[in-house]
Amino acid sequence: MRNERLTVAKLIYMAITSLDGYIEDQDGKFDWSMPDEEVHAFVNDLERPIGTYLYGRRMYEVMVAWETMDIPANESPAQRDFAEIWRAADKVVYSRTLETVSSARTRIERSFDVDAVRRMKAAAERDLAVAGPDLASSAIAAGLVDECHLFVSPIMVGGGKQVLPNNVRWELELLDERRFGNGVVHLRYRTRT
Ligand SMILES: NC(=O)c1ccc[n+]([C@@H]2O[C@H](COP(=O)([O-])OP(=O)(O)OC[C@H]3O[C@@H](n4cnc5c(N)ncnc54)[C@H](OP(=O)(O)O)[C@@H]3O)[C@@H](O)[C@H]2O)c1
């Protein structure tokens, strides 16, 4: 009997955004988006199944702090849990400039090759996530993203880095939604086929 896989790995775009659609404000700040314990625990459960992160260089430079972050045991169970999830996953960093990486399980790619990512998805045993809106815009435009998870924070920041790209039409189906005590709303969409 042939050993066929019944499910195909998904590529998921997940981001915390302001109500007006920015992941960082005009000063490059995103302190307003920091998840509290409840949101963080929920994010952890979403990210636990992720086998590989595809990072834009800028997002990687923020996230790599989790590789070495020392979180006191009594401080934040959700942060400790996330650090373990992050360290266990593989990472691919897309960059034309980065020379080295400082995390384990990490490699650099010089260009976003759509066919290569398609092959990565086909071969993957676990889901993949793409992070960093600049990089994600290439994946979205190429039709590679299967799910989009937005955590909408109750704030307008008036401008900055858009969470979703311009000039792309993407038809989605709402799969789930959830509200949190701090006013954040999670919206889970999948690509309409
Ligand atoms: N709201 C939140 O929760 C949150 C959380 C963390 C971070 N952030 C913010 O989000 C920012 C990241 O957003 P972003 O959209 O600027 O960055 P991004 O997508 O993470 O990174 C952009 C960089 O990725 C590389 N890249 C993108 N497309 C590529 C391609 N097709 N081929 C090769 N390399 C490619 C380039 O790196 P090179 O320039 O090296 O070539 C590009 O400058 C962070 O800097 C941080 O401020 C927000």
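Every value quoted in this text rests on a predicted model; they were computed, and no experiment measured them. Both counts, for ligands and for their atoms, begin at 1 and track the order of listing.
Scanning the protein for heavy atoms near atom 40 (O) of ligand 1, the closest one is Thr97 OG1, 2.4 Å. In this structure, the protein non-hydrogen atom closest to atom 4 (C) of ligand 1 is Phe30 CD1, 3.6 Å. Closest to atom 7 (C) of ligand 1, if we only count protein heavy atoms, is Met59 SD, 3.3 Å. The protein heavy atom nearest to atom 22 (C) of ligand 1 is Asp134 OD2, 3.4 Å. Among protein heavy atoms, atom 29 (C) of ligand 1 sits closest to Arg96 NH2, 3.8 Å. Scanning the protein for heavy atoms near atom 26 (N) of ligand 1, the closest one is Tyr94 O, 3.7 Å. When hydrogens are left out, the protein atom nearest atom 19 (O) of ligand 1 is Leu135 N, 2.9 Å; that is the closest non-hydrogen contact. Distance from atom 23 (C) of ligand 1 to its nearest protein heavy atom, with residue and atom name: Arg57 N, 3.6 Å.
A salt bridge links Arg48 with Asp81: the closest approach of a Lys/Arg side-chain nitrogen to an acidic carboxylate oxygen falls below 4.0 angstrom. Using a cutoff of 4.0 Å between basic side-chain nitrogens and carboxylate oxygens, Arg80 and Glu84 are not scored as salt-bridged. We find that Arg179 and Glu177 are not joined by a salt bridge, their nearest charged nitrogen and carboxylate oxygen being 4.0 Å or further apart. The residues Arg190 and Glu147 are annotated as not salt-bridged, no charged nitrogen and carboxylate oxygen being separated by less than 4.0 angstrom.
Looking at ligand 1, you'll find an N or O of Ile23 within less than 3.5 Å of one of its N or O atoms. Distances between N or O atoms of Met63 and those of ligand 1 include no value under 3.5 Å. Considering backbone and side-chain N/O of Val62, none are found under 3.5 Å from N/O of ligand 1.
Residue Pro133 approaches ligand 1 through these ligand atoms, each under 4.0 Å from one of its heavy atoms: 13 (O), 14 (P), 15 (O), 19 (O). Those atoms of ligand 1 that come under 4.0 Å of a heavy atom in Glu24, given as number and element, are 9 (C), 10 (O), 11 (C), 44 (C), 45 (O), 46 (C), 47 (O). Near Ser111, with a cut-off below 4.0 Å to any heavy atom, the atoms of ligand 1 are 32 (N), 33 (C). Shown in contact with Gly132 at under 4.0 Å from a heavy atom are these atoms of ligand 1, numbered in order with element: 18 (P), 19 (O), 20 (O).
Ring planes of Tyr55 and Trp86: tilted class, angle from 30 to 60°. Ring geometry for Trp66 versus Phe82: interplanar angle over 60°, hence perpendicular rather than tilted (30 to 60°).
When Arg58, Glu61, Arg110, Glu109 are ranked by how near their heavy atoms come to atom 45 (O) of ligand 1, first place goes to Arg58.
Shortest non-hydrogen contact noted between Val163 and Ala15 is CG2-CB, 3.5 Å. Closest approach of Val157 to Ser18, counting heavy atoms only: CG2-OG, 3.8 Å.
Interatomic distance, OG1 of Thr17 versus OH of Tyr22, reported as 9.5 Å (0.5 Å rounding). Considering OH of Tyr13 and CG of Leu135, their distance stands at 9.5 Å, rounded to 0.5 Å. One finds the CE atom of Met120 at 10.0 Å from the CG atom of Asp90 (value rounded to the nearest 0.5 Å).
Contact annotation: for Phe112 versus ligand 1, heavy atoms closer than 4.0 Å belong to both the backbone and the side chain. Only the side chain of Ser33 comes within 4.0 Å of ligand 1, judged by heavy-atom distances.
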